[in-house]
Amino acid sequence: MQPERRLFGLLAALGILLGAARADAQLSYRLAPIGGRSQLLGGTGITFGRDASASFLNPATAVLVDDQRLSFSVNFYKLTYMHASNWYAPGPVDPRFGNIDVRDRSMTDIDFDTPPSSLCFYFFSSKLNPLAARGRDEALNNAHVGLCLATIQSEEFNYGAEDFSKVQPNNGVTRQAQTLSQRYSQFAAGPTYALRVNNWLSIGASVHASIITHRSLLTASAVTYGTPASAITSSFYGASKGTSFQLAGTAGMTARFGKQTLGLSVRSPTVHVFGVGGVNREATYDGAGSETFQLAANGSFLARQPMRVGVGTGVEGTWGSLEIDAFYFHHLDAAYRAELEGFQTTKQNGTIVDQPVTLDLAQRSNGVVNLAAGAELFMSPRISLLTGVSGDVSGAPAGTLRGTLFNYFALRQNRLTASLGIGTHGAAGELMLGTELAYGWGERLAVNSYQLPPEIGTARHETYQLMFVVAGSTSLRALKRAVEDMKEVVREPTRQKPVLEPKPQKPIELPGRREAD
């Protein structure tokens, strides 16, 4: 077996094993890498998508994928640095705390993890093309079919067992302890169908079933004493969960005019199937009066994927390709809705009020436009350079990010990204290695322990991110041969030649000597 095919087959097998992990945010629509090649090209794919982006960005570009092709994307490492300047006091200070000093309230966090991956299988068949006819080019007769699995949106933030401590100039002391965990993900899977209508027009469609998962946990406890004279203690606990199942479809087309190609795709709003959710909230304080609040409720949960319209244009030649895309995202209704029932208990000044509650929680989002550009330049027939830039505007409306019972919008963040990579191409497949740099800024939910009772506020933050990408595609034949070679190595170790006993040697007679009679 050729070394090149062995390498691509082994990498494809590795891509399957590492096919699921995590990344970042429900109202930042382009944070989870869908396809490795697309990611290194600035997130483009409306015109020249050839990996998982063909299924999720524009199904018509699936006609560019070779037959029986396994497309994988393994994003091995992501390093994120975040700084929040007002993390431990994300809002005004209640006058009952006196003149406390909280200037050193910033937080710095460094996270190192593995982002999501995607996996697709493509093949073509003339039997699935109703337009197939005798005398037509074989490329026109073949319908292209694919099956893809990918994490298309994700956000995860963990800030556990952290603390803030400050001794005041007038001998006052304030201390905090916090643990926060927020996670959002959307996993989608489904088929893709595409065909060439003629030499210049291609059309395609895909249908995906997806599951959206939301989890949020924010806890904080605080004590401040010395100023004022009596100590003030407080604690906050807020948790929410939601799981929603839905269906969505995407339709697209590409039209080629000489060396230029135009692309258009439309993704429908999601059709809700089923969902469940729940919230818990507890807040207490003592020392400046006292109060205890507790709430627990469960019920239905619905999360919507926004409608998306994508347009792109690109040029292609022996030198490579250049593509520019624009994406418009818009929720036709609320981004989520949770209808819950439960109980609420309040204790204040020795009086307890316990009553049932019915909650209808929902939030809307803004329509946003994101731009992306990417280029692939061939340095030789087998080596190419990939680069791209993109923007990611948050859909959370300005000024509306605030703590709610559900805390579905965990952050409002805008991002700029730039990518650079190298690709190798051959008969057995292609392999791409590269990196993406990103800068983000905005605000994130945090607990304000200097309000009575404690509540959720917003902290300004900046993030710097470095992600390494390994991606590519291989044929099933190369994968099959790699698996067979691996089996041979495990089951049939190399046989060693038997060790033979040395033959007896005749005595050597020295010249000038004879044996005695």
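What you are looking at is a predicted structure, and each value in this text was computed from that prediction instead of being measured.
- If you run salt bridge (charged side-chain N to carboxylate O under 4.0 Å, His left out) between E155 and each of R444, R183, R412, only R444 comes through.
- Residues Q182 and L218 are in side-chain contact: their nearest non-hydrogen atoms beyond the backbone lie under 4.5 Å apart.
- For T435, there are no side chain to side chain donor-acceptor pair (under 3.5 Å) partners, not counting sequence neighbours.
- For the atom pair F327 CZ and S265 OG, the distance stands at 7.0 Å (nearest 0.5 Å).
- Taking CD1 of I422 as the start and CG of L40 as the end, the distance is 11.0 Å to the nearest 0.5 Å.
- If you check the side chains of S181 and N158, you find a donor sitting under 3.5 Å from an acceptor.
- H214 contributes a side-chain N or O that, together with a main-chain N or O of F406, makes up a donor-acceptor pair within less than 3.5 Å.
- Distance OG1/T417 to CD/Q39: 7.0 Å, rounded to 0.5 Å.
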- Query: Could you walk me through whether F124 and H144 pass the ring pair (Phe, Tyr, Trp, His ring centres under 6.0 Å) check?
  - Reply: CA-CA 4 Å; F124 54 70; H144 295 247; 5.2 Å; yes
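- With N58 contributing its side chain and A60 its backbone, the two residues share a donor-acceptor pair below 3.5 Å.
- Atoms OG1 and CZ, from T61 and F48 in turn, are 10.5 Å apart once rounded to the nearest 0.5 Å.
- Looking at residues two or more places apart in sequence or on another chain, you find a ring-ring contact (aromatic ring centres under 6.0 Å, His included) between F378 and H425.
- In this structure, the side chains of F187 and T151 come closer than 4.5 Å at one or more pairs of heavy atoms.
- In this structure a side-chain-to-backbone donor-acceptor pair under 3.5 Å is missing from R256 to N199.
- Taking the six-membered ring where tryptophan is involved, the planes of W87 and Y159 are perpendicular, since the angle between them exceeds 60° and thus also 30°.
- A donor-acceptor contact shorter than 3.5 Å is absent between the side chain of Y336 and the backbone of G242.
- Put simply, the side chain of T424 never gets that close to the backbone of I383: no donor and acceptor are under 3.5 Å apart.
- Salt bridge annotation for E430-R50: absent, with no cationic side-chain nitrogen under 4.0 angstrom from a carboxylate oxygen.
- Side chain of N370 to main chain of V393: a donor-acceptor pair is present (N/O by atom type, distance under 3.5 Å, no hydrogens or angles).
- One distance of note links OG1 of T463 with CG of D109; it measures 11.0 Å at 0.5 Å rounding.
- Two residues are said to be in side-chain contact when any heavy atoms from C-beta on lie closer than 4.5 Å; L361 and T404 fail this criterion.
- Here the NE2 atom belonging to H83 is positioned 7.5 Å from the CD atom belonging to E462, to the nearest 0.5 angstrom.
- Distance alone, capped at 3.5 Å, is enough to place a donor-acceptor pair between the E323 side chain and the I46 backbone.
- The backbone N or O of G310 sits nowhere less than 3.5 Å from a side-chain atom of D325 that would complete a donor-acceptor pair.
- In this structure, the side chain of H208 does not engage the main chain of F56 through any donor-acceptor pair within 3.5 Å.
- Remark: side-chain polar atoms of S206 are not paired, donor with acceptor, to backbone N or O of T192 under 3.5 angstrom.
- Side-chain atoms of S210 and Q305 include no donor-acceptor pair closer than 3.5 Å.
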